[in-house]
Amino acid sequence: MSAPDSAPEVHALVDHLFRHHAAAMLSALSRRLGLENLELAEEVVQDAMLQALRLWPHHGIPENPRGWLTQVARNKALDLVRRRSVFRRKQRALEERAVVEAELAQLGLPEDAGDPFGDDQLAMIFACNHPALASEARVALTLKAACGFSVPEIARAFLTPEATIAQRIVRAKRLIREQDVTLALPEPDQLPSRLDSVLQVIYLLFNEGYAAHRGDALIRQDLCGEAIWLADRLAHRPETALPKSHALLALMLLQASRLPARQDEAGELVLLADQDRSLWDAALIHRGLRHLGHASEGDEMTVYHLQAGIAAVHAVAPDHASTDWPGVLSLYDSLCAVADSPVVALNRAVALAMVAGPAVALAAIDAIHDLRTLERYALLHATRADLLLTLGRRDEAESAYCAALESICSEPARRFLERRLDDCRRRIGAPGWLAGVIAPTANGRV
(Lines give C-alpha, C1' and ligand atoms only; values in the text may rest on other atoms or scores of the structure.)
Protein backbone atom coordinates (compact mmCIF):
# COMPACT_ATOMS: atom_id res chain seq x y z
CA MET A 1 0.00 0.00 0.00
CA SER A 2 1.00 3.62 -0.44
CA ALA A 3 1.25 6.30 2.24
CA PRO A 4 -2.01 7.14 4.04
CA ASP A 5 -4.48 9.12 1.97
CA SER A 6 -6.98 11.72 3.11
CA ALA A 7 -10.48 10.58 3.97
CA PRO A 8 -12.09 12.72 1.22
CA GLU A 9 -9.78 11.15 -1.39
CA VAL A 10 -10.64 7.67 -0.18
CA HIS A 11 -14.36 8.40 -0.10
CA ALA A 12 -14.23 9.78 -3.65
CA LEU A 13 -12.34 6.72 -4.93
CA VAL A 14 -14.61 4.20 -3.17
CA ASP A 15 -17.68 6.01 -4.48
CA HIS A 16 -16.20 5.84 -7.99
CA LEU A 17 -15.38 2.14 -7.64
CA PHE A 18 -18.83 1.35 -6.27
CA ARG A 19 -20.61 3.19 -9.08
CA HIS A 20 -18.46 1.83 -11.88
CA HIS A 21 -17.35 -1.64 -10.75
CA ALA A 22 -19.70 -2.95 -8.06
CA ALA A 23 -22.02 -4.48 -10.66
CA ALA A 24 -19.15 -6.39 -12.27
CA MET A 25 -17.98 -7.62 -8.86
CA LEU A 26 -21.51 -8.68 -7.95
CA SER A 27 -21.95 -10.52 -11.24
CA ALA A 28 -18.66 -12.39 -10.81
CA LEU A 29 -19.44 -13.39 -7.23
CA SER A 30 -23.03 -14.36 -8.01
CA ARG A 31 -21.83 -16.59 -10.79
CA ARG A 32 -19.65 -18.46 -8.31
CA LEU A 33 -22.13 -18.51 -5.42
CA GLY A 34 -25.23 -19.12 -7.51
CA LEU A 35 -27.97 -16.63 -8.28
CA GLU A 36 -30.04 -17.98 -5.39
CA ASN A 37 -27.38 -16.42 -3.13
CA LEU A 38 -27.57 -12.98 -4.70
CA GLU A 39 -28.15 -11.29 -1.35
CA LEU A 40 -24.97 -12.88 0.02
CA ALA A 41 -23.00 -11.51 -2.92
CA GLU A 42 -24.49 -8.04 -2.37
CA GLU A 43 -23.57 -8.25 1.31
CA VAL A 44 -19.91 -9.08 0.76
CA VAL A 45 -19.47 -6.43 -1.96
CA GLN A 46 -20.89 -3.79 0.37
CA ASP A 47 -18.75 -5.06 3.25
CA ALA A 48 -15.64 -4.82 1.08
CA MET A 49 -16.46 -1.20 0.24
CA LEU A 50 -16.99 -0.37 3.94
CA GLN A 51 -13.71 -2.05 4.86
CA ALA A 52 -11.93 0.09 2.28
CA LEU A 53 -13.44 3.24 3.83
CA ARG A 54 -12.16 2.12 7.24
CA LEU A 55 -8.67 0.99 6.27
CA TRP A 56 -7.46 3.05 3.32
CA PRO A 57 -7.32 6.44 5.11
CA HIS A 58 -4.90 4.89 7.65
CA HIS A 59 -2.95 2.41 5.51
CA GLY A 60 -3.08 4.03 2.10
CA ILE A 61 -4.88 3.13 -1.11
CA PRO A 62 -3.57 -0.18 -2.57
CA GLU A 63 -1.88 -0.23 -5.95
CA ASN A 64 -4.80 -2.16 -7.43
CA PRO A 65 -7.93 -0.93 -5.59
CA ARG A 66 -10.33 -3.00 -7.72
CA GLY A 67 -8.30 -6.15 -7.15
CA TRP A 68 -8.14 -5.44 -3.42
CA LEU A 69 -11.93 -5.03 -3.20
CA THR A 70 -12.53 -8.15 -5.27
CA GLN A 71 -10.19 -10.25 -3.13
CA VAL A 72 -11.72 -8.97 0.11
CA ALA A 73 -15.24 -9.65 -1.16
CA ARG A 74 -14.25 -13.12 -2.35
CA ASN A 75 -12.61 -13.96 1.00
CA LYS A 76 -15.68 -12.75 2.88
CA ALA A 77 -17.87 -14.90 0.67
CA LEU A 78 -15.72 -17.97 1.34
CA ASP A 79 -15.86 -17.30 5.09
CA LEU A 80 -19.63 -17.00 5.01
CA VAL A 81 -19.93 -20.14 2.90
CA ARG A 82 -17.89 -22.07 5.43
CA ARG A 83 -20.08 -20.82 8.28
CA ARG A 84 -23.46 -21.32 6.63
CA SER A 85 -24.45 -24.93 6.15
CA VAL A 86 -26.98 -23.96 3.48
CA PHE A 87 -24.04 -23.06 1.27
CA ARG A 88 -21.94 -26.09 2.21
CA ARG A 89 -22.37 -27.72 -1.19
CA LYS A 90 -20.84 -24.66 -2.82
CA GLN A 91 -17.70 -24.58 -0.69
CA ARG A 92 -15.55 -27.06 -2.58
CA ALA A 93 -16.33 -25.49 -5.94
CA LEU A 94 -15.51 -22.04 -4.62
CA GLU A 95 -12.22 -23.14 -3.08
CA GLU A 96 -11.23 -24.90 -6.27
CA ARG A 97 -11.72 -21.62 -8.06
CA ALA A 98 -8.97 -19.90 -6.04
CA VAL A 99 -6.80 -20.09 -9.15
CA VAL A 100 -8.96 -17.44 -10.81
CA GLU A 101 -7.99 -14.68 -8.37
CA ALA A 102 -6.06 -12.82 -11.04
CA GLU A 103 -9.07 -12.92 -13.36
CA LEU A 104 -11.38 -11.72 -10.60
CA ALA A 105 -9.06 -8.78 -9.95
CA GLN A 106 -9.30 -7.71 -13.53
CA LEU A 107 -13.07 -8.36 -13.83
CA GLY A 108 -12.95 -8.12 -17.55
CA LEU A 109 -11.16 -11.15 -18.89
CA PRO A 110 -13.03 -14.34 -19.80
CA GLU A 111 -12.53 -16.98 -17.16
CA ASP A 112 -13.41 -19.93 -19.33
CA ALA A 113 -12.76 -20.10 -23.05
CA GLY A 114 -15.62 -22.56 -23.27
CA ASP A 115 -18.09 -20.03 -21.86
CA PRO A 116 -20.37 -19.07 -24.76
CA PHE A 117 -20.25 -15.41 -23.72
CA GLY A 118 -17.06 -15.26 -21.67
CA ASP A 119 -18.56 -12.43 -19.61
CA ASP A 120 -20.06 -12.62 -16.11
CA GLN A 121 -22.23 -9.56 -16.51
CA LEU A 122 -23.88 -10.71 -19.72
CA ALA A 123 -24.47 -14.13 -18.17
CA MET A 124 -25.96 -12.41 -15.14
CA ILE A 125 -28.34 -10.37 -17.32
CA PHE A 126 -29.66 -13.46 -19.08
CA ALA A 127 -29.94 -15.39 -15.82
CA CYS A 128 -31.93 -12.60 -14.14
CA ASN A 129 -34.36 -12.67 -17.06
CA HIS A 130 -35.60 -16.13 -16.11
CA PRO A 131 -39.10 -16.92 -17.44
CA ALA A 132 -40.24 -17.79 -13.92
CA LEU A 133 -40.15 -14.07 -13.10
CA ALA A 134 -42.69 -11.50 -14.22
CA SER A 135 -41.43 -9.18 -16.94
CA GLU A 136 -41.22 -6.04 -14.79
CA ALA A 137 -39.55 -8.00 -11.99
CA ARG A 138 -36.95 -9.32 -14.43
CA VAL A 139 -35.96 -5.84 -15.57
CA ALA A 140 -35.87 -4.39 -12.05
CA LEU A 141 -33.80 -7.30 -10.70
CA THR A 142 -31.39 -7.14 -13.62
CA LEU A 143 -30.82 -3.41 -13.25
CA LYS A 144 -30.16 -3.91 -9.54
CA ALA A 145 -28.06 -7.08 -9.64
CA ALA A 146 -26.27 -6.94 -12.99
CA CYS A 147 -26.02 -3.21 -13.70
CA GLY A 148 -25.53 -1.75 -10.24
CA PHE A 149 -28.57 0.57 -10.28
CA SER A 150 -30.01 1.73 -6.97
CA VAL A 151 -33.70 1.35 -6.18
CA PRO A 152 -34.30 5.12 -6.62
CA GLU A 153 -32.60 5.04 -10.05
CA ILE A 154 -34.75 2.11 -11.15
CA ALA A 155 -37.87 3.83 -9.84
CA ARG A 156 -37.10 6.93 -11.93
CA ALA A 157 -36.48 4.77 -14.98
CA PHE A 158 -39.88 3.11 -14.58
CA LEU A 159 -41.65 6.30 -13.44
CA THR A 160 -42.76 4.13 -10.52
CA PRO A 161 -42.68 4.63 -6.71
CA GLU A 162 -39.52 3.35 -5.00
CA ALA A 163 -41.52 1.11 -2.69
CA THR A 164 -43.04 -0.67 -5.68
CA ILE A 165 -39.61 -1.33 -7.20
CA ALA A 166 -38.22 -2.55 -3.90
CA GLN A 167 -41.12 -4.98 -3.55
CA ARG A 168 -40.58 -6.31 -7.06
CA ILE A 169 -36.93 -7.00 -6.32
CA VAL A 170 -37.71 -8.70 -3.01
CA ARG A 171 -40.34 -10.92 -4.63
CA ALA A 172 -37.98 -11.79 -7.48
CA LYS A 173 -35.23 -12.81 -5.07
CA ARG A 174 -37.66 -14.91 -3.04
CA LEU A 175 -38.90 -16.69 -6.17
CA ILE A 176 -35.31 -17.38 -7.22
CA ARG A 177 -34.62 -19.03 -3.86
CA GLU A 178 -37.87 -21.01 -3.85
CA GLN A 179 -37.44 -22.34 -7.38
CA ASP A 180 -33.67 -22.86 -7.02
CA VAL A 181 -32.93 -20.72 -10.08
CA THR A 182 -29.20 -20.88 -10.78
CA LEU A 183 -26.99 -18.30 -12.43
CA ALA A 184 -26.43 -19.96 -15.77
CA LEU A 185 -26.95 -19.13 -19.40
CA PRO A 186 -30.06 -20.66 -20.91
CA GLU A 187 -29.66 -23.22 -23.64
CA PRO A 188 -29.02 -21.67 -27.08
CA ASP A 189 -32.57 -22.35 -28.24
CA GLN A 190 -33.91 -20.52 -25.17
CA LEU A 191 -31.92 -17.33 -25.66
CA PRO A 192 -34.37 -15.63 -28.06
CA SER A 193 -37.26 -15.99 -25.58
CA ARG A 194 -35.34 -13.89 -23.03
CA LEU A 195 -34.01 -11.43 -25.53
CA ASP A 196 -36.75 -8.79 -25.27
CA SER A 197 -36.16 -8.27 -21.55
CA VAL A 198 -32.40 -8.27 -22.04
CA LEU A 199 -32.62 -5.62 -24.77
CA GLN A 200 -34.84 -3.47 -22.56
CA VAL A 201 -32.32 -3.63 -19.72
CA ILE A 202 -29.43 -2.74 -22.00
CA TYR A 203 -31.35 0.24 -23.37
CA LEU A 204 -32.21 1.47 -19.87
CA LEU A 205 -28.50 1.20 -19.02
CA PHE A 206 -27.65 3.31 -22.07
CA ASN A 207 -30.32 5.91 -21.28
CA GLU A 208 -28.98 6.51 -17.79
CA GLY A 209 -25.56 7.13 -19.31
CA TYR A 210 -26.86 9.34 -22.14
CA ALA A 211 -28.84 11.64 -19.83
CA ALA A 212 -28.23 10.94 -16.16
CA HIS A 213 -31.29 11.50 -14.00
CA ARG A 214 -29.38 13.21 -11.23
CA GLY A 215 -25.88 14.06 -10.04
CA ASP A 216 -23.11 16.35 -11.23
CA ALA A 217 -22.68 14.66 -14.61
CA LEU A 218 -25.04 15.07 -17.54
CA ILE A 219 -23.41 12.14 -19.34
CA ARG A 220 -21.95 8.90 -18.02
CA GLN A 221 -19.77 7.63 -20.83
CA ASP A 222 -19.03 4.39 -18.96
CA LEU A 223 -22.68 3.31 -18.97
CA CYS A 224 -23.14 4.20 -22.64
CA GLY A 225 -20.03 2.26 -23.58
CA GLU A 226 -21.02 -0.73 -21.47
CA ALA A 227 -24.50 -0.86 -23.02
CA ILE A 228 -23.11 -0.65 -26.55
CA TRP A 229 -20.57 -3.36 -25.78
CA LEU A 230 -23.26 -5.70 -24.47
CA ALA A 231 -25.53 -5.05 -27.46
CA ASP A 232 -22.64 -5.59 -29.83
CA ARG A 233 -22.01 -9.02 -28.27
CA LEU A 234 -25.66 -9.91 -28.82
CA ALA A 235 -25.64 -8.66 -32.40
CA HIS A 236 -22.71 -10.93 -33.25
CA ARG A 237 -24.00 -14.13 -31.64
CA PRO A 238 -26.02 -16.36 -34.01
CA GLU A 239 -28.84 -17.09 -31.55
CA THR A 240 -29.39 -13.43 -30.67
CA ALA A 241 -28.28 -11.62 -33.85
CA LEU A 242 -31.90 -10.85 -34.70
CA PRO A 243 -33.06 -7.66 -36.46
CA LYS A 244 -34.19 -6.12 -33.17
CA SER A 245 -30.72 -6.62 -31.67
CA HIS A 246 -29.20 -4.78 -34.61
CA ALA A 247 -31.90 -2.10 -34.32
CA LEU A 248 -31.10 -1.40 -30.68
CA LEU A 249 -27.38 -1.35 -31.38
CA ALA A 250 -27.97 1.05 -34.29
CA LEU A 251 -30.06 3.33 -32.07
CA MET A 252 -27.44 3.51 -29.34
CA LEU A 253 -24.56 4.04 -31.77
CA LEU A 254 -26.40 6.90 -33.50
CA GLN A 255 -27.30 8.50 -30.18
CA ALA A 256 -23.79 8.04 -28.82
CA SER A 257 -22.33 9.76 -31.88
CA ARG A 258 -23.68 13.06 -30.49
CA LEU A 259 -22.09 12.73 -27.05
CA PRO A 260 -18.98 14.83 -27.83
CA ALA A 261 -21.22 17.77 -28.71
CA ARG A 262 -23.83 17.49 -25.91
CA GLN A 263 -21.69 19.43 -23.41
CA ASP A 264 -19.46 22.46 -23.77
CA GLU A 265 -16.01 22.72 -22.22
CA ALA A 266 -17.55 23.83 -18.93
CA GLY A 267 -19.78 20.76 -18.82
CA GLU A 268 -22.95 22.70 -19.60
CA LEU A 269 -25.78 21.22 -21.65
CA VAL A 270 -25.75 22.02 -25.38
CA LEU A 271 -29.07 21.47 -27.15
CA LEU A 272 -29.40 19.57 -30.40
CA ALA A 273 -30.16 22.74 -32.36
CA ASP A 274 -26.96 24.38 -31.08
CA GLN A 275 -24.56 21.45 -31.31
CA ASP A 276 -21.43 21.62 -33.46
CA ARG A 277 -22.13 18.70 -35.77
CA SER A 278 -18.51 18.52 -36.80
CA LEU A 279 -17.96 17.04 -33.32
CA TRP A 280 -20.38 14.19 -33.97
CA ASP A 281 -18.54 10.89 -34.25
CA ALA A 282 -18.71 9.95 -37.94
CA ALA A 283 -17.42 6.42 -37.28
CA LEU A 284 -20.27 5.73 -34.84
CA ILE A 285 -22.78 7.13 -37.32
CA HIS A 286 -21.41 4.85 -40.02
CA ARG A 287 -21.61 1.82 -37.72
CA GLY A 288 -25.10 2.77 -36.63
CA LEU A 289 -26.38 3.09 -40.18
CA ARG A 290 -24.78 -0.25 -41.06
CA HIS A 291 -26.55 -2.01 -38.20
CA LEU A 292 -29.79 -0.24 -39.12
CA GLY A 293 -29.41 -1.88 -42.52
CA HIS A 294 -29.02 -5.28 -40.85
CA ALA A 295 -32.11 -4.52 -38.76
CA SER A 296 -34.22 -4.21 -41.92
CA GLU A 297 -33.57 -7.87 -42.81
CA GLY A 298 -36.87 -9.24 -41.58
CA ASP A 299 -40.56 -8.50 -41.16
CA GLU A 300 -40.53 -7.42 -37.49
CA MET A 301 -40.82 -3.69 -36.75
CA THR A 302 -39.93 -2.88 -33.15
CA VAL A 303 -39.72 0.33 -31.17
CA TYR A 304 -35.95 0.13 -31.62
CA HIS A 305 -36.33 0.16 -35.41
CA LEU A 306 -38.49 3.29 -35.29
CA GLN A 307 -36.33 5.11 -32.75
CA ALA A 308 -33.20 4.24 -34.70
CA GLY A 309 -34.92 5.64 -37.78
CA ILE A 310 -35.54 8.92 -35.94
CA ALA A 311 -31.93 9.04 -34.79
CA ALA A 312 -30.78 8.36 -38.36
CA VAL A 313 -32.79 11.32 -39.68
CA HIS A 314 -30.92 13.60 -37.28
CA ALA A 315 -27.59 11.93 -37.99
CA VAL A 316 -27.72 12.50 -41.76
CA ALA A 317 -29.01 16.09 -41.62
CA PRO A 318 -26.12 18.49 -42.38
CA ASP A 319 -27.54 21.08 -39.98
CA HIS A 320 -30.55 21.63 -37.77
CA ALA A 321 -32.47 23.64 -40.37
CA SER A 322 -32.19 20.76 -42.84
CA THR A 323 -33.74 18.16 -40.52
CA ASP A 324 -36.64 16.32 -42.10
CA TRP A 325 -39.15 17.13 -39.35
CA PRO A 326 -42.17 15.79 -41.27
CA GLY A 327 -40.25 12.52 -41.57
CA VAL A 328 -39.49 12.55 -37.84
CA LEU A 329 -43.15 13.20 -37.07
CA SER A 330 -44.23 10.34 -39.32
CA LEU A 331 -41.88 7.98 -37.49
CA TYR A 332 -43.27 9.14 -34.15
CA ASP A 333 -46.79 8.50 -35.43
CA SER A 334 -45.74 4.92 -36.17
CA LEU A 335 -44.03 4.66 -32.80
CA CYS A 336 -47.18 5.79 -30.98
CA ALA A 337 -49.07 3.00 -32.75
CA VAL A 338 -46.77 0.30 -31.30
CA ALA A 339 -45.69 1.93 -28.01
CA ASP A 340 -48.56 3.89 -26.51
CA SER A 341 -46.87 5.72 -23.63
CA PRO A 342 -46.88 9.31 -22.36
CA VAL A 343 -43.15 9.74 -23.03
CA VAL A 344 -43.58 8.70 -26.68
CA ALA A 345 -46.51 11.10 -27.01
CA LEU A 346 -44.48 13.92 -25.44
CA ASN A 347 -41.64 13.40 -27.87
CA ARG A 348 -44.10 13.31 -30.75
CA ALA A 349 -45.47 16.67 -29.59
CA VAL A 350 -41.99 18.19 -29.87
CA ALA A 351 -41.73 17.02 -33.47
CA LEU A 352 -45.28 18.27 -34.05
CA ALA A 353 -44.26 21.73 -32.83
CA MET A 354 -41.52 21.84 -35.48
CA VAL A 355 -44.08 20.98 -38.19
CA ALA A 356 -47.38 22.55 -37.09
CA GLY A 357 -46.39 25.14 -34.50
CA PRO A 358 -46.43 25.51 -30.70
CA ALA A 359 -50.20 25.87 -30.23
CA VAL A 360 -50.94 22.54 -31.90
CA ALA A 361 -48.13 20.86 -29.95
CA LEU A 362 -49.31 22.26 -26.61
CA ALA A 363 -52.83 20.96 -27.26
CA ALA A 364 -51.36 17.55 -28.09
CA ILE A 365 -49.47 17.47 -24.79
CA ASP A 366 -52.53 18.41 -22.78
CA ALA A 367 -54.40 15.57 -24.48
CA ILE A 368 -51.82 12.89 -23.62
CA HIS A 369 -53.36 9.86 -21.98
CA ASP A 370 -52.17 9.23 -18.43
CA LEU A 371 -50.20 12.48 -18.36
CA ARG A 372 -50.16 12.37 -14.56
CA THR A 373 -47.43 9.71 -14.67
CA LEU A 374 -45.06 12.44 -15.90
CA GLU A 375 -45.68 14.83 -13.00
CA ARG A 376 -42.06 14.45 -11.84
CA TYR A 377 -40.62 14.30 -15.36
CA ALA A 378 -38.65 17.51 -15.91
CA LEU A 379 -38.88 17.34 -19.70
CA LEU A 380 -42.67 17.52 -19.62
CA HIS A 381 -42.66 20.83 -17.77
CA ALA A 382 -39.67 22.18 -19.70
CA THR A 383 -41.34 21.41 -23.01
CA ARG A 384 -44.60 23.03 -21.95
CA ALA A 385 -42.67 26.06 -20.70
CA ASP A 386 -40.95 26.52 -24.02
CA LEU A 387 -44.20 26.22 -25.97
CA LEU A 388 -45.96 28.64 -23.65
CA LEU A 389 -43.13 31.16 -23.88
CA THR A 390 -43.14 30.91 -27.67
CA LEU A 391 -46.88 31.70 -27.56
CA GLY A 392 -46.21 34.75 -25.38
CA ARG A 393 -47.80 33.25 -22.24
CA ARG A 394 -44.90 34.26 -20.00
CA ASP A 395 -46.51 33.78 -16.56
CA GLU A 396 -47.61 30.24 -17.42
CA ALA A 397 -44.17 29.52 -18.87
CA GLU A 398 -42.52 30.72 -15.67
CA SER A 399 -44.69 28.37 -13.60
CA ALA A 400 -43.83 25.48 -15.90
CA TYR A 401 -40.09 26.17 -15.61
CA CYS A 402 -40.45 26.20 -11.81
CA ALA A 403 -42.23 22.84 -11.99
CA ALA A 404 -39.36 21.48 -14.10
CA LEU A 405 -36.85 22.66 -11.50
CA GLU A 406 -38.82 20.88 -8.78
CA SER A 407 -38.49 17.60 -10.71
CA ILE A 408 -35.55 15.23 -10.58
CA CYS A 409 -32.75 16.05 -13.02
CA SER A 410 -28.97 16.26 -13.25
CA GLU A 411 -27.12 19.35 -12.09
CA PRO A 412 -26.22 20.47 -15.66
CA ALA A 413 -29.87 20.16 -16.66
CA ARG A 414 -30.88 22.10 -13.55
CA ARG A 415 -28.47 24.91 -14.36
CA PHE A 416 -29.83 25.03 -17.90
CA LEU A 417 -33.40 25.27 -16.63
CA GLU A 418 -32.42 28.02 -14.21
CA ARG A 419 -30.99 30.02 -17.11
CA ARG A 420 -34.17 29.46 -19.11
CA LEU A 421 -36.28 30.60 -16.16
CA ASP A 422 -34.13 33.70 -15.78
CA ASP A 423 -34.47 34.47 -19.50
CA CYS A 424 -38.23 33.96 -19.24
CA ARG A 425 -38.50 36.43 -16.36
CA ARG A 426 -36.43 38.98 -18.25
CA ARG A 427 -38.35 38.36 -21.49
CA ILE A 428 -35.14 37.69 -23.43
CA GLY A 429 -35.77 36.54 -26.97
CA ALA A 430 -37.68 33.55 -28.28
CA PRO A 431 -36.62 30.18 -26.83
CA GLY A 432 -36.15 28.23 -30.02
CA TRP A 433 -34.80 25.12 -28.28
CA LEU A 434 -37.65 22.68 -28.82
CA ALA A 435 -35.51 20.32 -30.87
CA GLY A 436 -33.15 19.96 -27.94
CA VAL A 437 -35.65 18.63 -25.43
CA ILE A 438 -36.46 15.43 -27.29
CA ALA A 439 -35.58 12.69 -24.83
CA PRO A 440 -32.95 10.11 -25.76
CA THR A 441 -35.53 7.38 -25.44
CA ALA A 442 -39.14 6.98 -26.40
CA ASN A 443 -39.91 3.67 -24.77
CA GLY A 444 -42.04 5.08 -22.01
CA ARG A 445 -39.62 4.05 -19.29
CA VAL A 446 -37.12 6.90 -19.13
Side-chain angles (χ1 to χ4, degrees), residues 13 15-28 65-66 106-110 117-126 139 142-150 153-154 157 198-237 240-241 245-263 267 269-270 275 279-292 294 304 307-308 311-312 314-315 410 412 439-441 443 445-446:
L13 176 59
D15 180 70
H16 170 83
L17 290 168
F18 181 80
R19 180 163 289 275
H20 296 283
H21 303 300
M25 292 172 61
L26 180 59
S27 296
R66 285 177 59 188
Q106 295 299 319
L107 286 174
L109 298 177
F117 279 100
D119 178 75
D120 284 324
Q121 190 171 11
L122 197 55
M124 183 77 152
I125 290 173
F126 267 94
V139 177
T142 308
L143 288 172
K144 179 72 166 63
C147 301
F149 278 41
S150 66
E153 287 173 329
I154 300 170
V198 170
L199 294 177
Q200 185 182 11
V201 167
I202 291 174
Y203 193 26
L204 287 169
L205 182 66
F206 177 85
N207 287 334
E208 182 60 26
Y210 186 87
H213 281 89
R214 69 182 346 158
D216 296 331
L218 174 69
I219 297 168
R220 290 185 58 188
Q221 297 266 10
D222 59 316
L223 294 185
C224 292
E226 187 175 356
I228 290 173
W229 184 83
L230 290 168
D232 187 73
R233 296 291 295 272
L234 294 177
H236 286 88
R237 180 174 178 82
T240 55
S245 298
H246 286 285
L248 175 59
L249 181 55
L251 170 59
M252 295 191 298
L253 289 168
L254 292 169
Q255 294 282 14
S257 71
R258 304 180 203 163
L259 290 178
R262 290 195 69 233
Q263 290 179 291
L269 171 65
V270 180
Q275 289 177 12
L279 298 177
W280 288 6
D281 192 319
L284 289 183
I285 292 174
H286 178 74
R287 283 182 61 197
L289 294 175
R290 186 173 73 249
H291 282 283
L292 187 56
H294 293 319
Y304 305 124
Q307 291 181 73
H314 290 296
S410 67
T441 173
N443 64 358
R445 297 293 188 188
V446 179

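Keep in mind the model is a prediction, meaning the values are calculated, not measured. Note: hydrogens, waters and symmetry copies are ignored here, and every other heavy atom, side chains too, is used.
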Practice item. Quick one: closest heavy-atom pair of Leu289 and Ala312, and the distance? Key: CD2-CB, 3.9 Å

Point to revise | Distance-minimising heavy-atom pair for Ala241 and Ala235 | key: CB-O, 3.2 Å

What's the spacing between [X] [atom1] and [Y] [atom2] if we round to 0.5 Å?
| X | Y | atom1 | atom2 | result |
| --- | --- | --- | --- | --- |
| Leu199 | Leu251 | CG | CG | 11.0 Å |
| Ser257 | Leu279 | OG | CG | 11.5 Å |
| His294 | Ser245 | NE2 | OG | 12.5 Å |

Study note, to complete from the structure: Contacts of Ala231 meeting side-chain contact (heavy atoms from CB on, under 4.5 Å) (sequence neighbours excluded), chain-then-number -> Ile202, Leu249, Met252

Check your understanding: His286: what forms a side-chain contact (heavy atoms from CB on, under 4.5 Å) with it, not counting sequence neighbours?
Key -> Arg290

[Y] and [X], any side-chain heavy atoms less than 4.5 Å apart:
| X | Y | value |
| --- | --- | --- |
| Leu269 | Gln263 | no |
| Ile285 | Leu253 | no |
| Leu204 | Leu143 | yes |

Exercise for review: Using the side-chain contact (heavy atoms from CB on, under 4.5 Å) rule, take Leu230 and Leu205 through it: C-alpha gap first, then chi angles, then the decisive distance, then the call.
Suggested key: CA-CA 10 Å; Leu230 290 168; Leu205 182 66; 4.1 Å; yes

Point to revise | Set of side-chain hydrogen bond (donor to acceptor under 3.5 Å, both in side chains) partners for Thr142, sequence neighbours left out | key: Asn129

Could you tell me whether the side chain of [X] and the main chain of [Y] form a donor-acceptor pair under 3.5 Å?
| X | Y | result |
| --- | --- | --- |
| Arg262 | Tyr210 | yes |
| Thr240 | Leu234 | yes |
| Gln255 | Ala311 | no |

Check your understanding: With the threshold set at 4.0 Å, does a side-chain nitrogen-carboxylate oxygen contact exist between Asp232 and Arg287?
Key -> yes

Check your understanding: His246 and Leu292: side-chain contact (heavy atoms from CB on, under 4.5 Å), yes or no, with the steps?
Key -> CA-CA 6 Å; His246 286 285; Leu292 187 56; over 6 Å; no

**Study point:** Those residues that, when tested against Arg258, pass salt bridge (Lys or Arg N to Asp or Glu O under 4.0 Å) (two or more places apart)
**Key:** none

Practice item. Report the residues that fulfil salt bridge (Lys or Arg N to Asp or Glu O under 4.0 Å) with Asp15, sequence neighbours left out, ordered by chain and then residue number. Key: none

Exercise for review: If the plane angle is over 60° it's perpendicular, under 30° parallel, otherwise tilted; pick one for Tyr203 and Phe206.
Suggested key: parallel

